[in-house]
Amino acid sequence: MLQNKTRSILLTVWCLTIFVWLPPIWFYFFQTDYFLGNFRGLQNFKLSAPFLLIIFCWATLLSIPKTRTLKNIIGAGSSLMSLGFVLIYYEIFHHTGGFVILFSGMILLSMVREEPEPDDGK
């Protein structure tokens with residue numbers, strides 16, 4: 001069961017990273033709009049670079065097994081949720097990018113459940 005939880009956490013974080021990094025890379029190589037029109041704000045690399053780097057750093061940190069602790073997963077989920085709220089509030093990415101980041105933070109937080117400690121018979 002631990003492997004499924006780890007796999008789903010890694011899958012969520014890296015799918016978010018690829019999904020958010022795809023529009024600026026697409027625009028850089030092809031100089032056309034990404035096929036999802038509401039991601040147009042992400043094509044401006046100067047505007048989206050801090051957010052892209054934050055997501056990439058969390059994905060890298062959670063990929064290392066030694067640093068994939070409960071505190072780091074909660075920290076990643078919380079920071080992605082708050083980043084999503086800020087992006088939606090200031091309408092930086094035309095809502096869609098902010099919602100994707102917000103929901104991925106919520107998914108990460110929903111995956112975190114502390115394992116029950118074994119009862120010593122007391």
Any chain of hydrophobic side-chain contacts (each under 4.5 Å) joining [X] to [Y]?
{"X": "Leu11", "Y": "Leu102", "result": "no"}
{"X": "Ile9", "Y": "Leu70", "result": "yes"}
{"X": "Ile54", "Y": "Tyr90", "result": "yes"}

Grab the two heavy atoms, one from [X] and one from [Y], that are nearest each other, plus how far apart they are.
{"X": "Gly98", "Y": "Leu87", "result": "CA-CB, 4.0 Å"}
{"X": "Leu108", "Y": "Ala76", "result": "CD1-CB, 4.1 Å"}
{"X": "Trp14", "Y": "Ser63", "result": "NE1-OG, 2.6 Å"}

**OP:** Answer whether the closest heavy-atom distance between the side chains of Tyr89 and Phe85 falls below 4.5 Å.
**Re:**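 No, their side chains stay 4.5 Å or more apart.
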Original post:
Within a strict 4.5 Å, meaning less than it, do heavy atoms of the Ser104 and Val100 side chains meet?
Top reply: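 Ser104 vs Val100: side chains apart.
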Quick one: [atom1] on [X] to [atom2] on [Y], what's the gap to the nearest 0.5 Å?
{"X": "Arg68", "Y": "Leu61", "atom1": "CZ", "atom2": "CG", "answer": "10.0 Å"}
{"X": "Phe19", "Y": "Ile101", "atom1": "CZ", "atom2": "CD1", "answer": "10.5 Å"}
{"X": "Ser79", "Y": "Ile74", "atom1": "OG", "atom2": "CD1", "answer": "12.0 Å"}
{"X": "Leu53", "Y": "Ser48", "atom1": "CG", "atom2": "OG", "answer": "9.0 Å"}
{"X": "Ser78", "Y": "Leu83", "atom1": "OG", "atom2": "CG", "answer": "12.0 Å"}
{"X": "Ile25", "Y": "Leu22", "atom1": "CD1", "atom2": "CG", "answer": "6.5 Å"}

Original post:
Any side-chain donor paired with an acceptor under 3.5 Å for Trp58 and Thr17?
Top reply: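 No - no donor-acceptor pair under 3.5 Å links their side chains.
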**OP:** Give the intermediate values and the outcome of side chain to side chain contact (heavy atoms under 4.5 Å, CB included) for residues Phe51 and Val20.
**Re:** CA-CA 9 Å; Phe51 311 116; Val20 175; over 6 Å; no
Original post:
Checking side chain to side chain contact (heavy atoms under 4.5 Å, CB included) for the pair Leu80/Leu16: CA distance, chi angles, key distance, verdict?
Top reply: CA-CA 10 Å; Leu80 291 177; Leu16 169 71; 3.8 Å; yes
Subject >> Residue of the set Leu62, Thr6, Val13 for which side-chain contact (heavy atoms from CB on, under 4.5 Å) holds with Ile73 >> reply: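 With Ile73 as partner, Leu62, Thr6, Val13 yield a single side-chain contact (heavy atoms from CB on, under 4.5 Å), made by Leu62.
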